[in-house]
Amino acid sequence: MRGRGAAERGETRRHLAARGTARHRGRLPRDRRTTDIRAGRRRRRRHSSCDSGRTRRPGETHRQRCSRDRRASNEGERMTEHDVTAEQQLSAEQQLVTDSNEQREVRLAKRDRLLAEGDAYPVSVPVTTSIRAVRERHAGLDAGEETDDIVGIAGRVVHIRNTGRLCFVALQAGDGERIQAMLSQGEVGKESLAAFKELVDLGDHLFVHGRVIASKRGELSVFVDRWQIASKAIRPLPNLHSELGEEFRVRNRYLDLIARDAARDMVITRAHTNASLRHTFAEHGFVEVETPMLQTVHGGASARPFVTHSNAFDMDLYLRIAPELFLKRALVGGIDRVFEINRNFRNEGADSTHSPEFAMLEAYEAYGDYHSIADLTQELIQDAAKASSPDGGETVVWGDGTAHDYSGDWDRIDLYGSLNERLAEQWTASGAAPQITVETSVAELSALADAVGITLDPKTATHGKFVEELWEHYVKPGLTRPTFVMDFPLDTSPLTRAHRSKPGVVEKWDLYVRGFELATGYSELADPVIQRQRFVEQSLLAAAGDPEAMQVDEDFLTAMEYGMPPAGGMGMGIDRLLMALTGLGIRETVLFPLVR
RNA sequence: GCGCCUCUAGCUCAAUUGGCAGAGCAGCUGACUCUUAAUCAGCGGGUUCUGGGUUCAAGUCCCAGGGGGCGCACCA
């Protein structure tokens, strides 16, 4: 026990304090560490209240006595209250200092010394090569072997051993590649080595210059002849040996990126996936556009929008819930193959597969239909899988080691047909299993739904909603391979054209991958008269209190009346695509997810 | 929105029935020319999320608020 040692030696508080002062003599004067630092003053005041004549109990540490005294002292409570009031008046700069802790103060003192003697934040350092390049160039070096290759490299200090006259430090590059640097007193000199020990901390960016060698233990190293701080860190790095908590990782993603390969890989995978999508689109002659985020009417999907306000126009605007109606205007204008990868915003629930803002891909192909757009979607995803798979094939490997095959042509099943098939298999009640068709009444569907515990709000429940719910209950859990589910009920898809031969359904598919809906595709509705009817029906729903129903977009209808070519259209969640490729949750696929 | 769980040192976590708030890493001082989660000796570090309450005594029990998680609802 640390307190007992001092007590046994019979040392008084004053002796301890004197030793503390001597300890900091020279390099880190006590005055400097606490001057103008409110937290320091508070700490001293608290300690001074400990010196009020009470004695330490046997075996008790100083800190234990402090906390005992604090509890017993009303005066201490009042002083804390007073401090909080005073703190509210501190400037932002002082506040920054108030938030500091001991480890930060020590680093700030080192920063001061660096600035006084040279620079803690040089405009640049003379880097000659990358850590990765050095590792590749000298992969086969034997233990103890030396080279004449002189390099200048920089990286973040992630490991440090200050051992006597030979120091070791591991530098990490942004790509996660690491290399060791060795500083011997013989090479850099006594002063330089002492300065290194005194000034360099875990987390600093460090430049080193010297020969590439392998240590006696075989570790590839730079044998340093010259070093320089590239950027002094004033906060300590988190413990790199224990796993960081989920909340900490999300809120401090930059530290997550330093500490965890998987976090870094996610960013790269996402970039490669986006590049792959754009490349595949380009191969097919698609043009990328950017349509408005701020919209006066929200449309293109059934979702609750975020509302914001324009001061210039003095009007409320909606953050877009989908780019669809603008991309279709582009189709009218003759951009026959068009796509957009950008953010949508939906004011709805957030969980492991839903985020308030999410990246969405939408694509429209004039003179295509929902079959051609399904072909394209399959190709887009298979190309993306190749871009992120370890061997460039169509099988990706998740972080948990499981392999997921996206190759071949994916099944295309019928919504009603697959539902009836599964219903027949699982039917246990007396009599024959019911056949669900577009004619099946809401009452009948409601009874079937009730039997498996599905209830819908009677105000907005329709034939289509019940059929989709029943399908999700009976069929969806059994899907393992990527599957296109085709031909949906008309009433849930107001922007889609009726099926060319099957009455009562629309030419729409949902693509299910790993148990969730990854993309949806349509033969787009081109008839402006029917489009207007659908919008009016939706706005009546809105009047009836469904906040997700669409508004009538007169400007869009006008565009439609000039003639939109027949087209296939598709929408895909980029975050969900990443989830399918990596097996991670949506908060892991988004670099900086929204946190409260 | 509703229900349940959770919040302790810079980080990861302990703390028995309500009974002196601890460990590892990180940090400080010293030793060490082959360390790599080094080792050895010594030391510092806490508003136990916040505010009330019960109690001789609260990290622990109660109430309210905040952050986070999970489930339900809504949605992609």
Side-chain angles (χ1 to χ4, degrees), chain A residues 1-3 5-6 16 19-20 22-25 27-28 33 42-43 46 57 59-68 70-72 76-77 80-81 83-84 100-107 143-144 158-170 178 180 182-187 193 201-203 213-219 221 235-248 250-252 255 259 301-304 321-322 344 346-356 358 360 455-457 460 510 516-520 547-548 571-573 575-576 586 595-596:
Chain A
M1 190 180 268
R2 73 168 76 96
L16 289 168
R19 201 172 61 188
R23 193 171 77 214
H24 293 293
R25 183 178 30 191
R27 277 195 293 284
L28 299 170
R33 294 179 56 206
R42 277 173 69 189
R43 191 156 49 235
R46 204 166 67 212
R57 293 171 184 170
E60 182 183 50
T61 65
H62 172 62
R63 197 153 37 76
Q64 282 169 339
R65 195 185 52 155
C66 282
S67 61
R68 173 163 56 86
R70 219 171 356 166
R71 275 199 299 278
E77 292 302 312
T80 301
E81 269 174 36
D83 273 8
V84 168
S100 72
N101 54 57
E102 187 188 8
Q103 295 192 41
R104 215 165 148 255
E105 286 168 25
V106 168
R107 286 166 163 79
V158 290
H159 182 260
I160 193 163
R161 287 289 161 256
N162 286 343
T163 57
R165 287 178 285 281
L166 180 64
C167 294
F168 301 86
V169 61
R178 293 183 178 187
Q180 173 171 279
M182 295 164 63
L183 292 92
S184 84
Q185 183 169 297
E187 187 76 8
L193 189 70
D201 290 305
L202 276 179
I213 65 164
S215 73
K216 283 181 189 168
R217 297 282 169 86
E219 179 84 26
S221 311
R235 283 179 190 268
L237 226 43
N239 179 359
L240 297 177
H241 309 297
S242 58
E243 195 147 315
L244 298 170
E246 155 76 13
E247 188 191 346
F248 185 90
V250 169
R251 285 184 185 272
N252 306 280
L255 294 175
S302 297
R304 301 183 72 161
I321 55 175
N344 288 341
R346 297 190 183 176
N347 208 344
E348 290 164 349
D351 59 31
S352 62
T353 56
H354 298 84
S355 177
F358 62 101
M360 179 98 183
T455 51
L456 296 177
D457 181 354
T460 56
D510 272 355
F516 55 80
E517 192 187 328
L518 177 57
T520 181
E548 289 156 20
M572 175 158 58
D575 311 295
R576 291 190 163 191
I586 196 165
V595 284
R596 253 191 281 213

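Note that these values count all heavy atoms, side chains included, but never hydrogens, waters or copies made by symmetry. Convention: sequence-line order gives letters A, B, ...; per-chain numbering from 1.
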Classify [X] by what it touches in the nucleic acid, base, sugar-phosphate, or nothing, heavy-atom distance under 4.0 Å.
X      : answer
A:G571 : nothing
A:I160 : nothing
A:Q180 : base
A:L202 : sugar-phosphate
A:F358 : base
A:R178 : nothing
A:E517 : sugar-phosphate

[X] [atom1] - [N] [atom2] separation (whole Å):
X      : N     : atom1 : atom2 : answer
A:F248 : B:C7  : CZ    : P     : 18 Å
A:L183 : B:C34 : CG    : P     : 15 Å
A:L244 : B:G10 : CG    : P     : 15 Å
A:R235 : B:G27 : CZ    : C1'   : 15 Å
A:E348 : B:C72 : CD    : P     : 17 Å
A:R104 : B:A9  : CZ    : P     : 18 Å
A:L237 : B:U12 : CG    : P     : 13 Å
A:L166 : B:A31 : CG    : P     : 16 Å

- If each of A:G245 and A:S215 is mapped to the nucleotide of RNA chain B with the nearest heavy atom, which maps nearer the 5' terminus, i.e. the 5' end? A:G245

With the side chain of [X] defined as its heavy atoms from C-beta on, choose the nearest nucleotide among [options].
X      : options             : value
A:P236 : B:G67, B:G10, B:U36 : B:G10
A:P238 : B:C11, B:A76, B:U36 : B:C11
A:N239 : B:C11, B:U36, B:C28 : B:C11
A:D201 : B:C28, B:U33, B:C34 : B:C28
A:E247 : B:G67, B:C34, B:G27 : B:G67
A:M182 : B:C34, B:A37, B:A76 : B:C34
A:S184 : B:G67, B:U33, B:C28 : B:U33

- Query: Is a donor-acceptor pair below 3.5 Å formed from side chain A:Q103 to base B:A26, judging by atom type as modelled?
  - Reply: yes

- Message: I'd like to know if A:E102 reaches the base of B:G45 with its side chain such that a donor and an acceptor end up less than 3.5 angstrom apart.
- Response: no

- Message: Under the criterion side-chain contact (heavy atoms from CB on, under 4.5 Å), I'd like the reasoning laid out for A:F358 against A:R346: C-alpha separation, chi angles, the key distance, then a yes or no.
- Response: CA-CA 8 Å; A:F358 62 101; A:R346 297 190 183 176; 3.6 Å; yes

- Task: Would you name the heavy atoms of A:I321 and A:R304 that are closest together and state the gap between them?
- Result: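 Heavy atoms of A:I321 and A:R304 come nearest at CG2-O, 4.1 Å.
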
- Message: Give me the atom names and distance for the closest heavy-atom approach of A:A322 to A:A301.
- Response: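 Taking every non-hydrogen atom into account, CB-CB, 4.1 Å.
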
Roughly how far apart, to the nearest Å, are [N] and [M] at atom [atom1]?
N     : M     : atom1 : answer
B:C7  : B:G18 : P     : 16 Å
B:G24 : B:U6  : C1'   : 23 Å
B:G59 : B:C28 : P     : 31 Å
B:U12 : B:C2  : C1'   : 33 Å
B:U8  : B:C13 : P     : 9 Å
B:G68 : B:G27 : C1'   : 28 Å
B:G10 : B:G46 : P     : 8 Å
B:A64 : B:A23 : C1'   : 34 Å

- Message: Quick one: does any side-chain atom of A:R165 pair with a main-chain N or O of A:G186 as donor and acceptor, under 3.5 Å?
- Response: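 Between the backbone of A:G186 and the side chain of A:R165 there is no qualifying donor-acceptor contact (under 3.5 Å).
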
- Task: Kindly say if A:R251 contacts the phosphate of B:G68, meaning a side-chain N or O under 4.0 Å from OP1 or OP2.
- Result: yes

Just verifying a value: how many Å separate [X] [atom1] and [Y] [atom2], rounded to the nearest 0.5 Å?
X      : Y      : atom1 : atom2 : answer
A:L183 : A:N162 : CG    : CG    : 9.0 Å
A:M182 : A:T163 : CE    : OG1   : 9.0 Å
A:R107 : A:E102 : CZ    : CD    : 10.5 Å

- Message: Could you tell me if the side chain of A:D201 sits less than 4.5 Å from the side chain of A:Q103, heavy atoms only?
- Response: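 A:Q103 does not reach A:D201 side chain to side chain.
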
- Is there a side-chain contact between A:L244 and A:P238, using heavy atoms and a 4.5 Å cut-off?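 Counting from C-beta outward, A:L244 and A:P238 do come under 4.5 Å.
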
- Message: Evaluate A:T520 against A:D510 for side-chain contact (heavy atoms from CB on, under 4.5 Å), listing each step before the verdict.
- Response: CA-CA 4 Å; A:T520 181; A:D510 272 355; 2.9 Å; yes

- All stems that RNA chain B takes part in, i.e. 3 or more consecutive Watson-Crick or G-U pairs with distances under 3.5 Å, are B:1-7 with B:66-72, B:10-13 with B:22-25, B:27-31 with B:39-43, B:49-53 with B:61-65

